[in-house]
Amino acid sequence: MTTTVPESQPRSAHQHGVRRIVLPVAVVLTVLFCLAPILWQLLTSFKTDAAIAEIPNVYFPRPDQLTLDQYQKLFERRPFFNYIFNSFLVSLASTVLALGIGAPAAYALARLKLQGERIMLAAVLIVTLFPPILLFLGLLDIVRYFNLGNNYLSLIIPYTAINLPLTILVMRSFFQQLPKDLEDAARVDGYSTPRMLLDIVLPMTIPALATTGILTFISAWNEFIFALTFITREDLKTVPVAGAQLGGASPFEIPFGPIAAATVLGTIPLVLLVLFFQRRIVQGLTSGAVKG
Amino acid sequence: MDKKLELVDLRKQFNAKVVPVKNVSLSVGSGEFLTLLGPSGCGKSTILRLIAGLEQPTSGQVLINGKDVSRLSPGDRNIAMVFQSYALYPHMTVRENIASGLKLRKTPSGEIQTRIQDVTDFLGLHDLMDRKPGQLSGGQRQRVAVARTLVRRPDVFLLDEPLSNLDALLREHVRAELKQLFGTQNTPVVYVTHDQTEAMTLSTRVAVLNNGYLQQLDAPERIYMEPANRFVAGFIGSPQMNFLQVPCESRRAIVGNHPIPLPRGANMPTEITLGIRPEHVHLAQSDHEPALDGQVFLIENLGMHNLVSVRIQGQGEPITVRAIVGIEHRLAIDSTVRLAFPPESIHWFDVSTGDRIQTASDSTSVVSPSVTPTSVTS
Amino acid sequence: MVDYVRAQERRTGWFLTIPALLVLALVFAYPILRAFWQSFFTINLGNQLTPAFNGLGNYIRMAQDGRFWNTLWNTTIFTVATVSLELVLGMGIALVLNQSFKGRGIVRTIAILPWALPTALIALAWTWIFNDQYGVVNDLLLRLGLISTGINWLGDPTLAMISVIIADVWKTTPFISILLLAGLQSIPGDLYEAQAIDGASPWQSFRQVTLPLLLPQIVIALLFRLAQAFGIFDLISVMTGGGPGGGTETVSLYIYSTVMRYLDFGYGAALVVVTFLLLVLVVAIATFFLNRSRKRASGAV
Ligand SMILES: Nc1ncnc2c1ncn2[C@@H]1O[C@H](COP(=O)(O)OP(=O)(O)O)[C@@H](O)[C@H]1O
Ligand SMILES: [Mg+2]
């Protein structure tokens, strides 16, 4: 191939040189862009009050400027473990529900020929684009009617619902890739439909369920507006709302240290998820958005 | 007990345009190995799925051992099937895969054990029993899929292109093995393939399908020797049969300089289709043989033989005839040859319907069991 | 003959889909329909929250409501600015992540991190970064000598808008990068080789190969982001609360205060309806371009 264009040799060498300089710079910039705000918050959470308030800012604190006080103060002010527990419970429950309701629907939409299938699919796609602010007013009605205020269910049900469209889209694209022969083989073997779904289809679905579950867990953990509206009791609040309400007694003494500590604690579970499941997250997001 | 599968006037229509199975009737008895052969998309898999109960016929019946099973679900039909992709359950071990159908039928566990033992002995699967399908080679998976059907001792075996996912060498080996294996089962076997070699080597009978219609149902030799119509003649045999459309005069077909007498079955056509396989065309030895002069324009080496393509100038368009010629003849491109057509190897077909016209050498029995539609002249 | 195979399939299908349909109807359809209904009533503290039919009164009020038009303007600015910045930046990051280099896996992990973190907490981090006294932005600008005294970023309407836009760009660019990266990876490498043999420069092959083939992904990312940006709530609510002086108040924030602070349910419902219709319009336009780009992309290859 090198013989076809005589000048390709010097040019590609030149391009190579440019690439060798530009690429590392671009990579470093990307990493800085994505990490710097988080790292700054992390650093703040370990600084003493004096170090936090020092001008110019302290980027490389001395050992005596480091402390765990901010975390201690956070726990003195607020029941932060409660918040984490609440977030965890609500996210997990709504994830399980979304998968339990969404995966069967996705299977039906992928495999069985239903009338109105296209309409349902279109509805699911459109609903993906609804911002929660459009829903909270009507949901407030429902929450009042069933007296669900300050009840985990007031979060679990909406979270399940807002995660359903994504679940259906991701799982449907998974089922479409699953060879249909396996289900036919199961029928010939004598499996009834429910047993086939439980004993044959479900076990093969577990990786896809995990992928989808990670996405729904993240989105439930991060939800703000419903948690802000439907939960007012301090010990039932979730992490994002509780964190956002960490203000001081007056606007002039904002507790930056404990806020930084709260940010760090509230994001750790998600950072761990991303660290362990980067591949699955990417795969799920792309199959949900692109194939849909 | 004798087992038997019958299809009566079976038809499947998916929608107004797609009718992959059109009024197919056939029956397969114990110890018979019937192959459904046809080009891809001709409805072979659909027939198999109708037999299995994975699809419901639009009309017609499926009878197993004389009983109409058309309304039974697949699990209640006592059939077993090997899929093209093998369809082994990926999360189960080989043993569990093989046992699954028996467990669902509440077979006593002692019975399951002995049957699995028999099958693993028979197929030599001992070392694989605790592996998952993902840890097996293609050939091993295929054997497990076969084991899963054998262990069931069903009333009918169904196989949908079970060799097409194997590489060529392995395929030949497994083909021979399948033949022995199902030969011992004394159970009707319906085998689907688009590969004529598989059909010819494995089957006791072959059903050639095209366009949803059954074209011919016969023993492999007869399919080759006495193809029921032009489609079957062209589909079976490789390289493909030569077809020449020639004029007729007073019960003779005019082929080159020598008229060939028409067969008894023909009634005064003005034109007729002459078919002859390349392996039956040879170089004329004398001037008395009916023969055609032509010019060689392509030589393909097949090892012992050459496949020679010859262009023959007639009254109208030049026609091409291909012949298999021993390499000792040392033909060269552009050389002129005289091709002879031994009369006993010539097949005659009606120009408009494509149906075979009986010749003196044809066996006396009825050739085609089915209606041959007029639309087969493709 | 009745096709019992299909009939059973259909029964199973409905059995499997109905729970999902019910939940979707409850949480999506009901609130929207309810808002349509309520928007024709006056339901506020003035009438002790007893609905009184008001015809198009709420919509007429909206047309004359300067605060509404201001929030719509803010929402538009925010949406256009964030989505276009994210698209450019996301494309850049996707191109970087698509190169092969040592440690690419780790960099990819880092690059999706911002997307995964809770917006409300991230908003706290950015509030701290833009703090007028101790904020790291002012500190860096001072050190570089670009300013002589700290800027009150969140205290000025324009600067506050810029701040929330920056924070949102940081938070959601990864989403676009992920989608575009998946698109880049699906472009066959030999297309670039063919371009290189033809002597095309990298910029030329980007214009002639990458962009056209990536168009479907770009439009999809655009679609998602447009809808999300249009409904932005948590980030702005935490960073500025819509202030200062309504300078960053978006439609979502206005709806929220109308309902939760002023308890004006009828008017809030009308705001929801209009926002919904605007969103549908935006999505419809974007979908139109999506279909066109898909057609063009499939026609090109
Ligand atoms: N479930 C179905 N719905 C509609 N058309 C189908 C269905 N299954 C098969 N077909 C069509 O029926 C025809 C025959 O298919 P098939 O029996 O699989 O052919 P083959 O002979 O290759 O096995 C094809 O044109 C196929 O597209
Ligand atoms: Mg087939």
Item checked: C:I106, part contacting chain A, at a heavy-atom distance under 4.5 Å -> neither

Notebook entry, point to check: Counting heavy-atom pairs under 4.5 Å to chain C, which of A:V31, A:I225, A:I259 comes out on top?
Noted result: A:I225

Next item on the list: Look at the rings of A:Y107 and A:F175 and say which category their plane angle falls in: under 30° parallel, 30 to 60° tilted, over 60° perpendicular.
Entry: perpendicular

Next item on the list: Would you check if the side chain of A:W221 reaches a backbone N or O of C:P118 as a donor-acceptor pair within less than 3.5 Å?
Entry: no

Notebook entry, point to check: Tell me, side chain or backbone of C:V259 under 4.5 Å from chain A's heavy atoms, or both, or neither?
Noted result: side chain

Item checked: Short side-chain donor-acceptor distance under 3.5 Å, C:Q228 and C:T172 -> no

Notebook entry, point to check: For the candidates A:V282, A:T267, A:L135, which exhibits the highest count of non-hydrogen atom pairs separated by less than 4.5 Å from chain C?
Noted result: A:L135

Next item on the list: Please examine the side chains of C:E86 and C:F175, heavy atoms only from C-beta on, and report whether any two atoms are closer than 4.5 Å.
Entry: no

Notebook entry, point to check: Which one, C:V283, C:L124, C:T173, leads in non-hydrogen pairs under 4.5 Å with chain A?
Noted result: C:L124

Check: Among A:P240, A:P37, A:A108, A:A98, who wins on heavy-atom pairs under 4.5 Å with chain C?
Finding: A:P37

Check: With only heavy atoms counted, which part of C:L226 is less than 4.5 Å from chain A, the side chain, the backbone, both or neither?
Finding: neither

Note to self: If we define contacts as heavy-atom pairs under 4.5 Å, which of A:G138, A:A103, A:G102 has the most with chain C?
What the structure shows: A:G138

Check: So which of C:A227, C:A116, C:G105 has the largest heavy-atom pair count under 4.5 angstrom toward chain A?
Finding: C:A116

Next item on the list: Using non-hydrogen atoms and a 4.5 Å limit, figure out which bit of C:R104 sits close to chain A: side chain, backbone, both or neither.
Entry: neither

Check: Do the ring planes of C:F233 and C:Y256 sit parallel (below 30°), tilted (30 to 60°) or perpendicular (above 60°)?
Finding: tilted

Next item on the list: Go through the side-chain N and O atoms of A:N163 and A:S219 and say whether any donor and acceptor fall under 3.5 Å apart.
Entry: yes

Check: chain A heavy atoms under 4.5 Å from C:W14: which part of the residue, side chain, backbone, both or neither?
Finding: both

Next item on the list: Would you mind checking which part of C:E9 comes under 4.5 Å of any heavy atom in chain A, side chain (CB onward), backbone (N, CA, C, O), both or neither?
Entry: both

Check: So which of A:T30, A:V239, A:L134, A:I101 has the largest heavy-atom pair count under 4.5 angstrom toward chain C?
Finding: A:L134

Notebook entry, point to check: Non-hydrogen atoms of chain A under 4.5 Å away: do they reach the side chain of C:T127, the backbone, both or neither?
Noted result: neither

Next item on the list: Measure centre to centre between the rings of C:F276 and A:F130, then say whether the value is under 6.0 Å.
Entry: yes

Notebook entry, point to check: What part of C:L279 is in contact with chain A, defined as an atom under 4.5 angstrom from a non-hydrogen atom: side chain, backbone, both or neither?
Noted result: side chain

Margin query: Would you say that more than 12 heavy atoms from the other residues, nucleotides or ligands in this model lie under 6.0 Å from the CH2 of C:W37, or not?
Written below: no

Margin query: For a 4.5 angstrom cut-off between non-hydrogen side-chain atoms, does A:Y59 reach C:V136?
Written below: yes

Margin query: Using heavy-atom distances under 4.5 Å, tell me whether C:F230 contacts chain A through its side chain, its backbone, both, or neither.
Written below: neither

Notebook entry, point to check: Which bit of C:A29 comes within less than 4.5 Å of chain A, counting heavy atoms only: side chain, backbone, both or neither?
Noted result: neither

